[in-house]
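So the structure is just underneath, and the comments pick up after that.
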2 protein chains.
Amino acid sequence: MKIDPNSKSDLSAQIAKAIRDAIVSGALIVDERLPSEAELSEQFEVSRATVREALKRLAAQSLIRTQRGAFGGAFVNRLSFEEAYGQQITTSTLLLSMNAVSFETACEARFALERACAPLCAKRRTPDHLATMRAEIFRQSQPGLSDESWCASDVAFHRALVDGAGNPVLSYQLAGAVEAMQPLMNMITFTARSRERIIALHTKIADFCDAGDGPAVDQTLETLAAYTLQLGQEMADKKANR
Amino acid sequence: MKIDPNSKSDLSAQIAKAIRDAIVSGALIVDERLPSEAELSEQFEVSRATVREALKRLAAQSLIRTQRGAFGGAFVNRLSFEEAYGQQITTSTLLLSMNAVSFETACEARFALERACAPLCAKRRTPDHLATMRAEIFRQSQPGLSDESWCASDVAFHRALVDGAGNPVLSYQLAGAVEAMQPLMNMITFTARSRERIIALHTKIADFCDAGDGPAVDQTLETLAAYTLQLGQEMADKKANR
DNA sequence: AATTTTCATTTGTCTGACGTTTAAATGTCT
DNA sequence: AGACATTTAAACGTCAGACAAATGAAAATT
């Protein structure tokens with residue numbers, strides 16, 4: 001592991017990159033202990049403070065974890081799906097909110113990805129997934145539910161649909177897309193009528209998943225996508241005319 | 001922005017979380033300048049070194065950027081799609097390599113997501129996207145191409161397909177899935193015959209995109225997915241019998 | 001043998017200092 | 001007055017050294 005003495009970027013960034021490359025390339029394996037901060041500062045010929053800043057950068061990406069005490073130190077972290085979900089969601093949410101992504105674009109992406117899960121979910125969903133879907137549908141049918149709770153339940157429903165595909169990689173990829181949409185969805189006010197319509201579609205989706213009818217799930221999702229897009233459009237129009 | 005004095009985690013992690021929350025919630029907006037390190041260390045009642053470690057954590061997530069000199073400081077960063085791609089790819093690659101995700105699972109996820117783009121790409125692809133696809137197909141047909149270059153070209157071809165959908169959110173989401181698969185794909189040795197078969201399918205995909213025939217693209221992708229899975233299976237069998 | 005104590009190692013945090021960068025403010029000359 | 005050079009203050013980047021706190025191994029004790 002070496003750093004480029006000609007680079008003009010921060011030393012801590014260079015050191016972080018060197019270690020990150022070593023991890024990604026497999027030179028450092030999971031649970032392997034890195035040299036102590038003192039040793040690293042000798043190796044890279046920088047102060048301990050600089051090494052620490054580099055290590056904190058890696059810790060922020062869940063690439064390493066640190067432990068205090070004798071025989072402690074920094075260890076290469078096994079990146080879990082859980083941790084990856086979290087990062088994915090944070091990144092996606094910020095990306096959408098900071099780049100003025102239109103409701104249409106985000107909505108299209110979300111449903112396109114979700115439809116990719118439909119046939120798999122219809123084939124593989126467990127009773128647990130179906131139970132979660134039905135429970136969320138029930139919650140959605142409660143009168144007086146706040147718009148925020150409604151959206152949260154909507155996300156939970158679609159999460160169950162995605163997880164039902166039984167592919168953790170898909171779940172991880174989609175977690176970002178679905179959750180990151182929530183702030184945009186929260187801007188829509190769901191009338192009683194639109195809720196009713198959506199609940200009906202959710203019920204159809206759950207039923208088709210139950211029956212193992214992938215194409216029907218797919219088509220219902222398409223309908224739901226179109227309707228959601230329409231609601232967003234109406235909201236935009238109302239705003240424009242005000 | 002406050003930190004919990006009862007928390008047992010590192011101060012720098014707590015401070016990073018406090019600032020991160022402020023950014024995600026919108027309390028700090030893009031290009032806004034954070035207080036100087038000295039001011040932050042006063043506010044949080046910690047040393048400057050600790051504040052710096054917190055800021056480096058945020059910098060590692062591209063949430064802030066720093067500028068030296070008078071009127072410099074830490075600024076809330078506009079997270080670009082470019083930066084998000086990079087993080088997404090690093091995370092996905094590590095996730096796959098560290099969690100012993102099977103070839104089947106990764107392959108299934110990749111093609112499921114890619115098929116989600118098929119109808120959009122057939123509708124919206126520009127001449128540029130088609131040109132990129134055809135150029136990559138041409139490269140793939142060159143004799144003597146190394147397995148590594150072959151895979152790189154394969155990724156480039158599929159990137160063009162995904163980008164052809166004209167939805168940056170989709171492109172961002174899929175970048176991780178497609179690129180992260182590359183190390184797994186590299187483990188397959190592509191015979192002349194299998195390459196020929198794949199090139200034929202790629203050509204069909206490009207043609208159908210050209211013709212705007214979404215369902216045909218989708219079906220060809222399904223065939224390609226099945227064939228890729230089969231190749232992976234043969235590779236696994238060969239390994240088992242050795 | 002089990003328990004307690006000691007102890008060395010390592011990370012977490014603090015203090016104070018100095019160098020470097022940068023843009024604004026000031027000064028100088030035409 | 002305006003263009004250019006100089007100064008200066010603010011802020012980050014890096015360093016050295018110190019102490020506290022945690023932790024597990026080894027030694028001492030019961």
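Remember, predicted model here, so these are calculated numbers, not experimental data. Sequence lines set the chain letters: A, B, ... in the order given, protein chains first and strands last, and positions in each chain run from 1.
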Ignoring hydrogens and geometry beyond distance, is a side-chain donor-acceptor pair present between [X] and [Y] at under 3.5 Å?
X        : Y        : value
B:Arg57  : A:Gln61  : no
B:Gln173 : A:Gln88  : yes
A:His129 : A:Thr126 : yes

Self-check item: OP1 or OP2 of D:dG13 under 4.0 Å from side-chain N/O of B:Thr66
Solution: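 Checking B:Thr66 against D:dG13: at least one side-chain N or O falls below 4.0 Å of OP1 or OP2.
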Practice problem: Look at B:Thr50 and C:dC14 and indicate whether a side-chain polar atom (N or O) is within less than 4.0 Å of OP1 or OP2. | Solution: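 Yes.
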Quiz item: Once each nucleotide of nucleotides 16-21 of chain C is scored for protein heavy atoms under 4.0 Å, what B/S/- sequence comes out, 5' to 3'?
Solution: -B-BBB
Quiz item: How would you label the contact of A:Arg33 with the nucleic acid (heavy atoms, under 4.0 Å): base, sugar-phosphate, or nothing?
Solution: sugar-phosphate
Practice problem: Just call it for A:Lys56: base, sugar-phosphate, or nothing, with non-hydrogen atoms closer than 4.0 Å on any strand. | Solution: sugar-phosphate
Self-check item: Sequence neighbours excluded - ring pair (Phe, Tyr, Trp, His ring centres under 6.0 Å) pairs with any residue from residues 144-171 of chain A
Solution: A:Trp150-A:Phe190, A:Phe157-A:His202, A:His158-A:His202
Rounded to the nearest angstrom, tell me the gap between atom [atom1] in [X] and atom [atom2] in [N].
X       : N      : atom1 : atom2 : result
B:Phe75 : D:dA11 : CZ    : P     : 10 Å
A:Glu37 : C:dG12 : CD    : P     : 6 Å
B:Glu42 : C:dT15 : CD    : P     : 12 Å

Exercise. Enter the inter-axis angle for the ends of the helix from C:dA1-D:dT30 to C:dT30-D:dA1 (five pairs per end, rounded to 10°).
Key: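 Computed angle between terminal axes is 10°.
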